Amino acid sequence: MKSGLTLGIETSCDETAAAVIKEGREILSNVVLSQVDIHRKYGGVVPEVASRHHIEAVFPVIHEAFQQAGTDLKDMEVIAVTYGPGLVGSLLVGVAAAKAMAYAAGKPLVGVNHIEGHIYANFLTGKEIRPPLVCLTVSGGHTDLLVIPRLGEYEILGRTRDDAAGEAFDKVARTLGLPYPGGPQIERLAQGGDPGAVEFPRGLLDGETYDFSFSGLKTAALNYLNEAKQKGKEVPLADFAASFQWAIIDVLTQKLLAAAEEYRVEQVILSGGVAANKTFREHVQAQAAARGMELLYPPVHLCTDNAAMIGSAGYFRYLAGQRSDYSLNAVANLRLGE
Ligand code: KG4
Ligand code: ZN
């Protein structure tokens, strides 16, 4: 059926999500059921709890996506589902649901890489995307810097050697007693703070590598808080948060733009949950503009995990002839280009 409609399904972490997308670019529905309130009391995502909730939520969420779009399974041209990277038990729920629906309705199935999905969130904004471009995907699980020479092709320039940028936000926020996810909390706390107040280390900024390292920064931030506590000193929270946030933004921006200059691209793309950070967006925007480059990033609700981005990436994979069979399985450590 040539309806141009894709059902996207995403269950890689703690969001159960389904969306109906037209021709890879237009969102007809985008339903995200977040489990953050459930995981908040544990300070992070508990894999067992996440998969159990996905099992309960996945079909109601898909049903809601069909309803909001005024469509049904029979109208879909293709079914796209995240099969990695992510929590294996969570991924399996989406993959099993997608396979069952594809089989029952005789629809083509396309497995989508979650990171590629984050990149395709930029296809849902109406802006024109012109490769070659350089893209930085920063989330709770990933910090990947890549070149996209042509659509669908990825060359990894660097990735984190330890913590992901979002993970660093989450861990420091947890130490401050702030709820999960920590990124938006630190961003709020940083408002009005002085980003130069505390000098935090910047990992791997010697110009030798496009890899990242945030564990030194995380340790420095935790030590700063512990020392202050031991000495009974009050931490200026806004200054602390602004300085910590700035240390991450500074490294991310410098590496992204160094890569953009080396590869002489006209467009740079941000994607993933950390790209929701306003200070980060504004800083990259200014730095890119100063070099005559255009910056693209998705609206906040499409930066964090959702199924619209999976529907978009899946549709373009489908157009390029990719199909998955019923042996499609969850791959927890799936990498781009594999
Ligand atoms: O892409 P995402 O929803 O899930 C993963 O694939 O990991 O990203 C979630 C991550 C979390 O670590 C969260 O703290 C971070 O993105 N995040 C932010 C902001 N909003 C979400 N980090 C910094 N500033 C934000 N405004
Ligand atoms: Zn994600």
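Not measured: the values here are computed from a predicted model. Start at 1 and go down the list; that is how both ligands and their atoms are numbered.
At a cut-off of 2.8 Å, measuring from the Zn ion (ligand 2), the protein N, O or S atoms that fall short of it are His114 NE2, His118 NE2, Asp305 OD1, waters left aside.
Near Gly141, meaning under 4.0 Å from one of its heavy atoms, ligand 1 places the atoms 7 (O). Contact atoms of ligand 1 toward Phe169: 22 (N), 23 (C) (distance under 4.0 Å to a heavy atom of the residue). Listed by number with element, the atoms of ligand 1 under 4.0 angstrom from any heavy atom of Pro181 are 13 (C), 14 (O). Distances below 4.0 Å separate heavy atoms of Gly182 from the following atoms of ligand 1: 14 (O). Every atom of ligand 1 with a heavy atom of His114 under 4.0 Å away is listed here by number and element: 6 (O). For ligand 1, the atoms sitting less than 4.0 Å from at least one non-hydrogen atom of His118 are 1 (O), 6 (O), numbered in the order shown with element in parentheses.
Inclusion of Gly166 in the set of residues having an N or O under 3.5 Å from an N or O of ligand 1 is warranted.
Closest to atom 24 (N) of ligand 1 among all protein heavy atoms lies Asn277 ND2, 3.0 Å. Nearest non-hydrogen protein atom to atom 23 (C) of ligand 1 is Gly183 CA, 3.5 Å. Remark: minimum distance from atom 26 (N) of ligand 1 to any protein heavy atom is reached at Glu187 OE1, 2.7 Å. Of all protein heavy atoms, the one closest to atom 13 (C) of ligand 1 is Asp170 OD1, 3.7 Å. In terms of protein heavy-atom proximity, atom 10 (C) of ligand 1 is closest to Gly140 N, 3.4 Å.
Classified by interplanar angle (parallel below 30°, tilted 30° to 60°, perpendicular above 60°), the ring pair His114/His118 is perpendicular. Under the 30°/60° scheme for interplanar angles, the aromatic rings of Phe200 and Tyr224 are found to stand perpendicular.
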- request: Go through the steps to decide whether Asn329 and Val95 satisfy the test side-chain contact (heavy atoms from CB on, under 4.5 Å), and finish with yes or no.
  value: CA-CA 7 Å; Asn329 207 347; Val95 168; 5.6 Å; no
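Screening residues 97-106 for side chain to side chain donor-acceptor pair (under 3.5 Å) gives no qualifying pairs among residues at least two apart or on separate chains. Listed by first and then second residue, the side chain to side chain donor-acceptor pair (under 3.5 Å) pairs involving residues 188-203 are Arg202-Asp250 (not counting sequence neighbours).
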Let me have the donor-acceptor pairs involving side chains of residues 135-148, under 3.5 Å, with sequence neighbours excluded, atom names and distances please.
{"residue": "Thr137", "atom": "OG1", "partner": "Ser271", "partner atom": "OG", "Å": "3.0"}
{"residue": "Ser139", "atom": "OG", "partner": "Gly141", "partner atom": "N", "Å": "3.3"}
{"residue": "Ser139", "atom": "OG", "partner": "His142", "partner atom": "N", "Å": "3.2"}
{"residue": "Thr143", "atom": "OG1", "partner": "Ala165", "partner atom": "N", "Å": "3.0"}

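Residue contact annotation: His142 has no non-hydrogen atom under 4.0 Å from ligand 1. Using a 4.0 Å heavy-atom cutoff, Gln245 is absent from the residues neighbouring ligand 1.
Val32 and Val274 fall into different hydrophobic clusters, where Ile, Leu, Val, Met, Phe, Trp and Tyr side chains are chained together by heavy-atom contacts under 4.5 Å. Put simply, Val134 and Leu205 are part of the same group of oily side chains (I, L, V, M, F, W, Y) that touch within less than 4.5 Å, one to the next. Following chains of ILVMFWY side-chain contacts shorter than 4.5 Å, one can reach Ile9 starting from Leu28, so the two form part of one hydrophobic cluster.
Proximity annotation for atom 4 (O) of ligand 1: of Asn306, Asp305, Thr304, Asp305 comes nearest, heavy atoms only. In this structure, of Ser139, Gly273, Ala190, Cys13, the residue bringing a heavy atom nearest to atom 21 (C) of ligand 1 is Gly273.
Rounding to the nearest 0.5 Å places CG of Leu124 at 4.5 Å from CD1 of Ile27.
Dense packing is recorded around CD of Glu153, with more than 12 heavy atoms of other residues, nucleotides or ligands lying under 6.0 Å away.
Checked against Lys218 for a side-chain hydrogen bond (donor to acceptor under 3.5 Å, both in side chains), the options Asp170, Asp162, Asp163 give a single hit: Asp163.
The pair Glu167-Lys171 meets the salt-bridge criterion, since a charged nitrogen lies less than 4.0 angstrom from a carboxylate oxygen.
Contacts between Glu15 and ligand 1 below 4.0 angstrom, taking non-hydrogen atoms only, are absent altogether.
Glu15 places none of its side-chain heavy atoms less than 4.5 Å from the side chain of Asn306.
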